[in-house]
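In what follows, every heavy atom counts, from backbone to side chain, and hydrogens, waters and symmetry copies are set aside.
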Amino acid sequence: MIMKNLYILSIFCCLASTMLWSQNSDTQKADKYFDRFAYVDAIEAYEKLIQKGKANAYVYKQLAIANMKTSNFEASERLFKRYLRSTRNPDAIDYFNYAQTLLINEEYDDFKKAMLDFAEKAPRDERAKAFLENPDYLMDLQSMTPRFELNKLSLSSDFSDFGAYQFDGKLYFVSARNESRKTYGWDNEPSLDIFVAENIGGTFKNPIEITGDINTKYHEGSIAITKDRSTLYFTRNDFLEEKYRKDDNGVNHLKIYKASLVNGMFQDIQDLPFNDISFSNANPALSPDGSQLYFSSDRAGGYGSSDLYVVDINADGTYGSPQNLGPTVNTEGRENFPFVDEEDMLYFSSDGHLGLGGLDVFYSKKDSGDFTPPQNLGLPLNSNADDFAFTYNGNVELGFVSSNRTSTKKEERTDNIYGAKLVSPLEQTSVLVEVVDAHTEVHIQDAQLIFYDTTQNEYSRSRTDASGNSNNFLPTGKKFDLQVNAEGYESQSNSFEVPQLQMVMRVALVPEMTSTEAEILILQGRIFFDYDKADIRPEAALELDKLIEILKENGDINIQVVSHTDERGSEAYNMKLSQDRAKSTVDYLTDNGVDPERLSSEGKGKTEPINDCTSGCSDEEHEENRRSEFKIVD
């Protein structure tokens, strides 16, 4: 549908000028159909040239594009392959378009190769840069927690239905179901009209054409209605007051019109001042307060095939100058079908941002007047097909999305409308966790990550890949505890709050000790006491806590606590004091979870000093003698 495939004409003009050497009298008829967007007839004409043995690289490329435009992606993939084999120097966009057919057809390895070829040809293209930054991004998108549960609406027909917009209890949508309309050459379906369905018992039924002066024999597209119901904005071919206008190249573009509510019907159709005969404006959407109108356009000065713009609606009914939403939102590809919810969240469809295939739905928030980097809404709202025209009501957590997804590759692709029920938080942030060895910095594969919410209930779990990374999508603004486990390493826990933008967390795991390493640490350990006391000092408790952890992790090791005194005082008194010190040491260990059966003790009095104090010792040397040490025993 032309409403869905809004593009810049200059792309095709460029194609025509750069490939004149391949055009000839044989392709004239097919080219005429192609240039008029009559792709069904163009495909038939080009295929006849192949049958007659008059095909060349140009014919295969034109056929590949025409099949892509009519959603015959298997044929398009095959024809792009043939074209790329038969031409010496393909354009970068040829590799990109070929890659898109492969992505839609779920040929993921070939898709990556084609995108690498595209990136080599167009290294400055933002789409290429984004892909090279994360060539395995598909795994991230496919692993996202599903936000929505989808169901196909029963009002869907055998023709294209899309652009569902709920307002005042009714569902407005665009459809080609009126078979009395003239067939459109793009896809051999009737022209599009706007329909409205009633909500009967929670189901939208009995769709009829909207009353008033909106629908014509030409295309009408998606709409937006002001909160006071007085004005309806809609998309239509450049056709007003029985005048069907074309630009200098013979192309009729799209415009946004407004209609006023008169006697219960939308009438008094008016052209908006920022429309023009030379480019398209389409897909209107209103801001929550009705003061701004968002739309898509292929006007000159944009970033890609179609961009998103916003224009102020002044209090006196006049309009400001359209402003491009900028390179954070817009790409070299297609951005269209904007929608803004009551929270001022912008939703739109794009094939320029990294996606699952075709058009995907993204969202972006305003932050200090600017838009945040768009986030893909993931499966199942998005698919390997075109997913677009998403509208959403956060108050009831319900929305609608249009898609030409199929259950099998060879099934005919037709736009249908799906209801979308929110089942997990809408706003999610990518939390990339990198797990490494604390000693060697080597990345740890297959480490287990468990995320717990603030009530200590498990939210999700994942494992690191061969690069030691795991990308997780978590609700933005929420707090979590992360526990990381890996075989041969001590577990580690971290608390964090999920930010608005991507978060990278590096977790360094300490390797578990071998029995030999544990025994060495035990033998090296010792604690010290105050003069004439057996109490466990705070710093000694810290050392004993380390010992406790070693003993808990090495259940087959038994120890003996051996305690000593300095050389001052009688032998009998010091023997008793050393035994008290040994007991207090053992008591601390058992009080903190060490099995008493694994412990024994001995007091040595002043018989085994570290420092000989016969000729006198400093206070520090005396303290070194007042100690508990540890031995490994059977």
Side-chain angles (χ1 to χ4, degrees), residues 7 11 14-15 18-19 57-58 60-65 67-69 73-144 303-305 327-328 330-335 350-360 362 373-376 378-379 382-387 409 430 432 434 443 445 464-471 502 504:
Y7 55 87
I11 290 178
C14 179
L15 284 174
T18 58
M19 301 194 71
Y58 171 78
Y60 291 123
K61 179 172 180 174
Q62 295 292 88
L63 259 176
I65 295 172
N67 276 279
M68 192 175 188
K69 293 295 182 183
F73 297 108
E74 280 198 319
S76 183
E77 175 191 335
R78 184 176 65 253
L79 290 159
F80 268 122
K81 282 181 181 177
R82 192 157 187 177
Y83 161 70
L84 292 169
R85 285 198 302 264
S86 59
T87 188
R88 292 182 178 179
N89 189 28
D91 292 329
I93 193 64
D94 297 332
Y95 283 112
F96 181 80
N97 287 333
Y98 173 49
Q100 297 312 297
T101 65
L102 292 165
L103 182 56
I104 292 170
N105 292 334
E106 299 179 314
E107 304 289 346
Y108 297 131
D109 289 340
D110 289 340
F111 160 72
K112 289 178 67 173
K113 293 176 184 176
M115 283 299 291
L116 290 172
D117 289 333
F118 166 64
E120 184 178 357
K121 281 272 188 178
R124 296 183 180 179
D125 191 295
E126 293 301 322
R127 294 168 294 183
K129 292 178 182 178
F131 175 78
L132 291 177
E133 285 178 5
N134 188 9
D136 295 318
Y137 78 90
L138 279 171
M139 290 189 294
D140 295 339
L141 293 183
Q142 291 165 349
S143 67
M144 289 172 61
Y303 294 91
S305 298
T328 299
N330 293 311
T331 69
E332 291 91 336
R334 293 179 295 170
E335 279 69 49
S350 171
D351 64 3
H353 296 285
L354 296 179
L356 293 162
L359 292 168
D360 274 21
F362 295 80
Q375 303 294 313
N376 191 301
L379 295 166
N382 291 319
S383 67
N384 67 319
D386 281 332
D387 307 290
K409 286 185 180 181
S430 167
L432 180 65
E434 178 188 22
H443 288 82
Q445 181 180 357
T464 56
D465 59 21
S467 300
N469 297 322
S470 175
N471 200 14
Q502 184 186 46
V504 179

Show me the side-chain donor-acceptor pairs of residues 117-124 shorter than 3.5 Å, one per line, residues at least two apart or across chains.
unit_1 : atom_1 : unit_2 : atom_2 : d
Lys121 : NZ     : Asn89  : OD1    : 2.4
Lys121 : NZ     : Pro90  : O      : 2.9

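- Checked by atom type and distance alone, the side chain of Gln375 pairs as donor or acceptor with a backbone atom of Pro373 at under 3.5 Å.
- In terms of modelled atom types and a separation under 3.5 Å, the side chain of Ser86 and the main chain of Arg82 share a donor-acceptor contact.
- Residue Gly355 comes nearest to Tyr137 through the heavy atom pair O-OH, 2.7 Å, listed as atom of the first residue, atom of the second, then distance.
- Of the possible polar contacts, none joining the Asn67 side chain to the Ala75 backbone as a donor-acceptor pair under 3.5 Å is found.
- Between Thr464 and Asn469 the shortest side-chain heavy-atom distance does not fall below 4.5 Å.
- Remark: side-chain polar atoms of Gln445 are not paired, donor with acceptor, to backbone N or O of Ser467 under 3.5 angstrom.
- Side-chain atoms of Asn134 do not come within 3.5 Å of backbone N or O of Phe131 as any donor-acceptor pair.
- Residues Lys61 and Asn97 form no side-chain contact, since every pair of their non-hydrogen atoms from C-beta on lies 4.5 Å or further apart.
- Using a 4.5 Å cut-off on side-chain heavy atoms (C-beta onward), His353 and Arg127 make no contact.
- Checked by atom type and distance alone, the side chain of Glu106 never pairs as donor or acceptor with a backbone atom of Leu102 at under 3.5 Å.
- Considering CD of Gln100 and CG of Asn105, their distance stands at 11.0 Å, rounded to 0.5 Å.
- Remark: the backbone N or O of Asp140 is paired with a side-chain donor or acceptor of Ser143 at under 3.5 angstrom.
- Using a 4.5 Å cut-off on side-chain heavy atoms (C-beta onward), Met68 and Phe80 make contact.
- In this structure, OG on Ser383 lies 9.0 Å from CD1 on Ile104, to the nearest 0.5 angstrom.
- Across all their heavy atoms, Asp360 and Ala385 have their closest contact at OD1-O, 4.3 Å.
- For Thr101 (side chain) and Phe73 (main-chain N/O), no donor-acceptor pair under 3.5 Å exists by modelled atom type.
- Looking at Asp465, its side chain does come within 3.5 Å of a backbone N or O of Gly468 through a donor-acceptor pair.
- Side chains of Leu356 and Asp387 form no contact here, defined as non-hydrogen atoms less than 4.5 Å apart.
- Looking only at side-chain heavy atoms (C-beta outward), Thr331 and Tyr303 stay at 4.5 Å or farther from each other.
- Between atom OH of residue Tyr108 and atom CG of residue Leu138 there is a gap of 6.5 Å, rounded to the nearest 0.5 Å.
- In this structure, CZ on Arg78 lies 11.0 Å from OH on Tyr60, to the nearest 0.5 angstrom.
- The shortest side-chain heavy-atom distance between Lys112 and Glu107 does not fall under the 4.5 Å cut-off.
- Proximity of a side-chain donor or acceptor of Asn376 to a complementary backbone N or O of Gly378 within less than 3.5 Å is detected.
- Residues that satisfy the salt bridge (charged side-chain N to carboxylate O under 4.0 Å, His left out) test with Asp351, not counting sequence neighbours, are Arg334.
- Contact detail for Glu126 and Glu332: the closest heavy-atom pair is N-OE2, 2.9 Å.
- Under the 4.5 Å side-chain criterion, counting only non-hydrogen atoms from C-beta, Asn330 is in contact with Glu335.
- Across all their heavy atoms, Ser430 and Asn471 have their closest contact at OG-OD1, 2.5 Å.
- Scanning both residues, Ala99 and Phe111, for their nearest heavy atoms gives O-CD1, 3.2 Å.
- Under a 4.0 Å N-O distance rule, the pair Glu77/Lys81 qualifies as a salt bridge.
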